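Single-structure report; data block below.
Remember, predicted model here, so these are calculated numbers, not experimental data.
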Amino acid sequence: MAQLWGGRFTKETDQLVYDFNASISFDKRLYRQDIKGSIVHVKMLTKVGILTADEGAKIVKGLEGIWADIESGKLKITHEYEDIHSFVEAKLIAEIGDVGKKLHTGRSRNDQVALDMKLYIREEIQTLDGLLQALLQVLLDLMKVHTTSYMPGFTHLQKAQPTTLAHHLGAYFEMFKRDRSRLSDTYKRMDTNPLGSGAFAGTTYPLDRAYTTELLEFSSVTYNSMDGVSDRDYLIELLSNLSIVMMHLSRFSEEIIIWNSNEYQFVEIDDEFSTGSSIMPQKKNPDIAELVRGKTGRVYGSLMALLTTMKGLPLAYNKDMQEDKEPVFDALDNVKLCLHLFTGMVATIKFRQDKMEASAKNGFTNATDAADYLVNRGVPFRDAHGIIGRLVLYCIEQGKSIDDLTLAEFQEISPVFAEDIYQAVCLETCVNMRNTLGAPGQVSMKKVIERYEEELK
Ligand code: ARG
C-alpha cells in the first residue's frame, strides 16, 4: 500500500479496505492519458510562472521517461498504489526527487481522472469509427455485386415480397451509418476540457485553462467546475451508443444464424468463423454470430450499471464515480472485438444466390404484384386483393406457385388476366419495378449505392 494522503491519518488502512478502495487494477490502462494530462498541466504551470522553466523541464522529462519505461516494459504498473494517478506521481518523485512533488499543484485527482477518461474516450470513439467504417465498406462492396441477387423479404418472419440482397444489406448499412453519426455527436458534446476544475471549486492559482485546452486539443473548456469533475453523461451516452451498435449487430447475427440453418441455407459461414460440436460430427455452428448476439446483453448491462450508479449522486465528486470505469472499459473492449470479428465473418460469408432466389420464388412473394397487375387494368385494389387471395388458395391446393398457373387457370379466377401476367409476376419485374428511392429496384438501388460510395470516401 502506498498512498498520497497519509498525513491526516494515524492508523494504517486495513488491507481489505485498501483493496476495495483501489482502482489501479483497471485504471492502469489510462497511463498514457494520465501522463499526457500531467505534461500539459506542467507546461501550463511553467507558462504562468508557478513552476520555473527548469522545474517544468525536469518534471516533463521525468514524466516522459516514465511513459517510455512503461511502454518498453521496464516499468511495471504494480498494484501497491491506489490508482494510476498515485502510481505516476510516486514514480516521478522516486525518479526525479523533490521537484516531482510540485506536479500536483493546482490540481485534484477529481479533475485529473475526469480529464484522463475524456482523453481515453476521444481515442476510443475514433477507433470505433474506423471499425464501423470498415464494416460499412464490406457491406457496400457486397451491395454492389448483389443488386440482382433476389431473395424473399420478410415481415413477421413470413415471406412477404421479393427483394435483393443488396437491399437487405443496405438496411444494415443505414443502421451502422447512424451509429457512426451518434458517436460523432457524443464526441462533439464531450469535447470540453475539465482540467482546472480542481476538486470541484477551481483553484486559487492563476491557471491558464485556455492554454491546456489548446494543448489537449479540446474544442472548449468546461464552464462549471462542479460539473467538470462530476459529469459522466458522455459515458452514459457512449454506452447507449454502444448498446445500439450491439443491438444492430445482434439483429444481423440473428439473421445470419437463421440464414445459415439447414432449413434456409441462404448462407454458409466460412470455416474460419464457425465451430464444431464435440459430440455431433456433422455440425458447423455459427458460434461467432451467437456470441455477438449474446454479448449484447452484457453491453446493455454496462449501460444500466452506470445509469444506476449515477442516479441520486449529490454534487460533486463521489467515490461511486470510480465505478464508471469497469463497465465502460468492458463494453468498449467487447464492442470493438465484436465489430472486428463480425466484419470478418460477413466479408467471408458465402451467399447462396440459388437458394435465396428459389425461396423467393415459392411462397407467393409476388402476390402483391399480381394484385397490382389487376389494379393497373381497372380492378379496384380491394377487389384485386380478394381475387389474388382466392388465386393463392387455389395454388396452395394445387401445390403450385403463381407463375406455374396456366393462362386458363388464371382466367378461371378473373377474366382480366392476359398473357402478360407472366412477365408482370416474375421475380425480376417484381423487384425492378420498385424504384421509389430506397426501394430494391435496380435504378433506385444504383442511385443509393452511388450516394453511399460518396459518403464513405
Ligand atoms: N480512482 C478515482 C476514480 O476513478 C480517482 C479520483 C479519486 N478522487 C478522490 N477524491 N478520491 O474516480
Side-chain angles (χ1 to χ4, degrees), residues 142-143 145-172 174 251 255 258-259 261 263-267 351-449:
L142 286 169
M143 286 174 72
V145 295
H146 287 295
T147 54
T148 56
S149 302
Y150 301 108
M151 67 181 289
F154 297 82
T155 62
H156 313 272
L157 202 53
Q158 311 254 13
K159 287 183 202 175
Q161 289 170 341
T163 185
T164 65
L165 183 56
H167 189 233
H168 199 116
L169 295 175
Y172 286 104
E174 287 287 332
R251 292 182 73 178
E255 297 213 279
I258 293 175
W259 291 351
S261 69
E263 284 67 25
Y264 276 74
Q265 299 180 14
F266 283 9
V267 299
F351 291 98
R352 298 284 309 268
Q353 278 165 250
D354 52 335
K355 298 276 182 191
M356 289 185 165
E357 190 166 327
S359 168
K361 274 193 175 141
N362 69 60
F364 308 109
T365 58
N366 51 1
T368 312
D369 297 87
D372 288 345
Y373 171 91
L374 294 176
V375 170
N376 286 330
R377 279 150 194 81
V379 182
F381 181 76
R382 196 44 62 206
D383 293 340
H385 189 282
I387 294 168
I388 301 303
R390 287 198 295 282
L391 189 82
V392 167
L393 192 61
Y394 176 80
C395 287
I396 294 171
E397 284 161 9
Q398 301 294 313
K400 287 182 166 185
S401 70
I402 296 179
D403 333 39
D404 294 337
L405 297 179
T406 63
L407 191 55
E409 286 174 306
F410 271 117
Q411 287 174 338
E412 183 81 12
I413 289 175
S414 166
V416 181
F417 286 118
E419 189 60 47
D420 57 355
I421 178 64
Y422 294 103
Q423 180 59 32
V425 296
C426 76
L427 218 46
E428 290 77 6
T429 315
C430 292
V431 170
N432 290 318
M433 291 297 283
R434 290 185 154 75
N435 277 312
T436 42
L437 198 59
Q442 272 208 69
V443 175
S444 127
M445 202 71 236
K446 287 219 164 95
K447 280 187 208 149
V448 170
I449 288 176

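Closest approach of Pro440 and Val431 over heavy atoms only: O-CG1, 3.8 Å. In this structure, Pro162 and Thr365 approach most closely via the heavy-atom pair CD-O, 2.9 Å. Taking all atoms of both residues into account, the shortest heavy-atom contact from Ile402 to Ala367 is CD1-CA, 3.9 Å. Across all non-hydrogen atoms, the minimal contact from Gln442 to Asn435 is N-OD1, 3.7 Å. Asn366 approaches Cys430 most closely through the heavy-atom pair CB-SG, 3.5 Å. Nearest approach of Glu419 to Leu407, heavy atoms of both residues: OE1-CD2, 3.6 Å.
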Indicate every side-chain donor-acceptor pair of residues 354-364 with a distance under 3.5 Å to a residue at least two apart or in another chain.
from: Asp354; atom 1: OD1; to: Arg352; atom 2: NE; distance (Å): 3.4
from: Asp354; atom 1: OD2; to: Arg352; atom 2: NH2; distance (Å): 3.2
from: Lys355; atom 1: NZ; to: Gln265; atom 2: OE1; distance (Å): 3.1
from: Ser359; atom 1: OG; to: Lys159; atom 2: NZ; distance (Å): 3.2
from: Asn362; atom 1: OD1; to: Lys159; atom 2: NZ; distance (Å): 3.1
from: Asn362; atom 1: ND2; to: Ala358; atom 2: O; distance (Å): 3.2

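Atom CE of Met143 sits about 7.0 Å away from atom CG of Leu169, to the nearest 0.5 Å. Taking CD of Gln353 as the reference point, atom OG1 of Thr164 lies at 10.5 Å (rounded to 0.5 Å). Atom CG in Leu165 sits 12.5 Å away from atom OH in Tyr150 (nearest 0.5 Å). A distance of 11.0 Å separates CD in Gln423 from CG in Asp403, rounded to the nearest 0.5 Å. With rounding to the nearest 0.5 angstrom, the CE atom of Met151 is 4.0 Å from the CH2 atom of Trp259.
When the ring-ring contact (aromatic ring centres under 6.0 Å, His included) test is applied to Tyr172, the partners found at least two apart in sequence or on another chain are Phe252. Annotation: ring-ring contact (aromatic ring centres under 6.0 Å, His included) contacts of Tyr373 (sequence neighbours excluded): Phe417. Every ring-ring contact (aromatic ring centres under 6.0 Å, His included) that Tyr264 has, sequence neighbours left out, goes to Phe266. The side-chain hydrogen bond (donor to acceptor under 3.5 Å, both in side chains) check on Thr436 picks up nothing, with sequence neighbours excluded. Listed by chain and residue number, Phe410 satisfy the ring-ring contact (aromatic ring centres under 6.0 Å, His included) test with Tyr422 (two or more places apart in sequence, or in another chain).
With His167 contributing its side chain and Gly441 its backbone, the two residues share no donor-acceptor pair below 3.5 Å. Side chain of Glu409 to main chain of Thr406: a donor-acceptor pair is present (N/O by atom type, distance under 3.5 Å, no hydrogens or angles). In this structure a side-chain-to-backbone donor-acceptor pair under 3.5 Å is present from Ser444 to Ala439. In this structure, Asp369 contributes its side chain and Val425 its backbone to no donor-acceptor pair below 3.5 Å.
Atom CD of Gln411 is surrounded by more than 12 heavy atoms from other residues, nucleotides or ligands within 6.0 Å.
Counting only heavy atoms from C-beta outward, the side chains of Leu391 and Leu405 approach each other to under 4.5 Å.
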**Request:** Could you go through the side chain to side chain contact (heavy atoms under 4.5 Å, CB included) check for His146 and His168 one step at a time?
**Result:** CA-CA 10 Å; His146 287 295; His168 199 116; over 6 Å; no
